[in-house]
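In what follows, a structure is listed as C-alpha cells, so that the remarks can point back to it.
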2 protein chains.
Amino acid sequence: MQPQIDKVSDAPLREFVGYHIKRAFNVIQADLNDVLSRFDLRMISYSALVLIVENPGIRQSQLATALAIERPNLVVIIDELEKRELITRDRLLTDRRAYLLQATLAGRRLCDKAATAVGAHEEALFEEIDKDTRSSIVDALNRIEAKSREDRS
Amino acid sequence: MQPQIDKVSDAPLREFVGYHIKRAFNVIQADLNDVLSRFDLRMISYSALVLIVENPGIRQSQLATALAIERPNLVVIIDELEKRELITRDRLLTDRRAYLLQATLAGRRLCDKAATAVGAHEEALFEEIDKDTRSSIVDALNRIEAKSREDRS
DNA sequence: CATAATGATTATGTTCTATAACTAAATACG
DNA sequence: CGTATTTAGTTATAGAACATAATCATTATG
C-alpha cells in the first residue's frame, strides 16, 4: 500500500519563529498592497513617498539606501512619482550631479490619505494583540535587525 | 537655501508593526539563505524537502498549496530535488495522474543536517529574546495569519 | 459514452532585483 | 593646474521569482 497524505503537516517548520514571521508577513503584505492599490501605489512606492515627505531634499542615493534597494531600481519608482506630480526632482545647486527630492502638496496629501488607510488596516490586523505585546514584538524585531548591523561592522 | 538631509528619518514607517516585521524578515531570510547555501538549498527548496520528509507520499498539488506557490513553479524545484536523489517521484497506483513524493535516505539526512544548522542560526538570532516573549510573538503572528483565513471563508 | 474536472507539465509573460557600463560632475593629488 | 579617481544618476541587460494560459493524460460525473 502506498502512503498517502490527507492533511499536510508543517510541524517541523513551525518550530522556527522565522517561518511564522514569513507567513504573517505574507498576509500583511497582501493586505497592504490591496489597500495601496486604491491609491495606485505599491509597498515600495508608498515607502519611497513617505520617506520623501518626511525627509524633504533627500537624494536618490540616500533614498535607495533607506529602502534597501539598488539605485537603478529606484529610478523607475521616482520617475513614476514625478510623472504623477507627487514629487519634484530638482538639481542640487551645490552639487549638480545630485537631485533633491521633495513632495508636492498633492504628494503630501496622497501620502496622508494612504497612511490613514494603511494605519486602519494595520489596526484591524493587530486588533487582538494588546499594546504591550505589540511593543515587545517591535522591540524583539529591532534586536534581530540590529544583529545584521553588528555583522557588517 | 535648498533643504538637505544628513540623517534619513523613517519615523512614520516605524509606526507600523508591519514595517518592523519586513525589516526583521529581510535579516532572517538573508541569514537563512546563507546557511542553506552550504547545502545547495534555498528557502523554498528546503521548505519543500522538509514537507516531503514530514509527509511521505504527499502530492505535488498538496505541496504547492502548503508552500503557497503555483504548481508550475513547484515542478522545477521538485525536478532538482529528484535529480539530486533527495526525493523520489512515483506514480500513485490508484490515480495515475498523480505522483507520490517521498524523501530518500540521503534526503532525510540532508534535511536533518540542514535543520540543525538552521536551528542553530535561529537560536543565535533570537538569543536575546526569552522563551516567553518568543511564544507570545508566535501566538500573535498566528493570529495575524488566521485573519486572512477568515477573510477567505 | 460524452463531458467535465484534476494532476502535472510546458510555454510564456510579468515583475522584481542585481550587475555592468555609461555620462556628467565633483574631488583627490602629483 | 591637470590628470586620475570617485560619486550621483541613468541606461541596458540579465537573472530570479512568480503568475497565467494551454496542453496531455487520467479520473470523475451525468
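Sequence lines set the chain letters: A, B, ... in the order given, protein chains first and strands last, and positions in each chain run from 1. We use all heavy atoms of the structure for the numbers below, so side chains are in, but hydrogens, waters and symmetry mates are not. From a predicted model like this one, the values you see are computed outputs, not experimental measurements.
- Atom-to-atom, CD1 of Ile77(A) to P of dG9(D) comes out at 14 Å; the value is rounded to the nearest Å.
- Proximity of Arg91(A) to the phosphate of dA26(C): no side-chain N or O atom is located under 4.0 Å from OP1 or OP2.
- A salt bridge is absent between Arg134(A) and Glu15(B): the closest approach of a Lys/Arg side-chain nitrogen to an acidic carboxylate oxygen does not fall below 4.0 angstrom.
- Atom CZ of Arg109(B) has 12 or fewer heavy atoms from other residues, nucleotides or ligands within 6.0 Å.
- The side chain of Arg71(A) places no N or O atom within less than 4.0 Å of a non-bridging phosphate oxygen (OP1 or OP2) of dG9(D).
- Proximity note for Ala98(B) (side chain, C-beta onward) versus dT11(D), dG7(C), dA26(C): the nearest is dG7(C).
- Here the P atom of nucleotide dT17(C) and the CG atom of Asn26(B) are 10 Å apart, to the nearest Å.
- Ion pairing of Asp79(A) with Arg89(A) is present here, as a side-chain N (NZ or NE/NH1/NH2) and a carboxylate O approach within less than 4.0 Å.
- Applying the 4.0 Å criterion to OP1 and OP2 of dG9(D), one finds that Ser61(A) has a side-chain N or O inside that range.
- Salt bridge absent: Arg108(A) and Asp112(A) never bring a charged side-chain N and a carboxylate O closer than 4.0 Å.
- With 3.5 Å as the limit, one finds no donor-acceptor pair spanning the side chains of Arg14(A) and Tyr19(A).
- With rounding to whole Å, Arg96(B) atom CZ is found 15 Å from dT6(C) atom C1'.
- Distance CG (Asp79(A)) to P (dG9(D)): 13 Å, rounded to an integer number of Å.
- Per the geometry, CD1 belonging to Ile69(A) stands 10 Å off C1' belonging to dC16(C), to the nearest Å.
- One atom, CG of Asn33(B), and another, P of dT17(C), lie 14 Å apart when rounded to the nearest Å.
- Contact annotation: Arg59(A) does not reach the phosphate of dT7(D) (side-chain N/O to OP1 or OP2, under 4.0 Å).
- Distance Leu92(A) CG to dA24(C) P: 19 Å, rounded to the nearest Å.
- For dC22(C), the OP1/OP2 oxygens have no side-chain nitrogen or oxygen of Arg97(A) closer than 4.0 Å.
- The side chain of Gln62(A) contributes no N or O atom lying less than 4.0 Å from OP1 or OP2 of dA8(D).
- Residue Ile78(B) is the one, among Thr94(A) and Ile78(B), whose nearest nucleotide of DNA chain C lies closer to the 5' end (criterion: closest heavy atom).
- Interface remark: the Asp95(A) side chain does not form any donor-acceptor pair with the dA25(C) base, using a distance-only criterion of under 3.5 Å.
- When distances are taken from the side chain of Asn73(A) to each of dA18(C), dA8(D), dA8(C), the shortest belongs to dA18(C).
- Out of dG9(D), dA17(D), dT20(D), the shortest distance to the side chain of Tyr99(A) is found at dG9(D).
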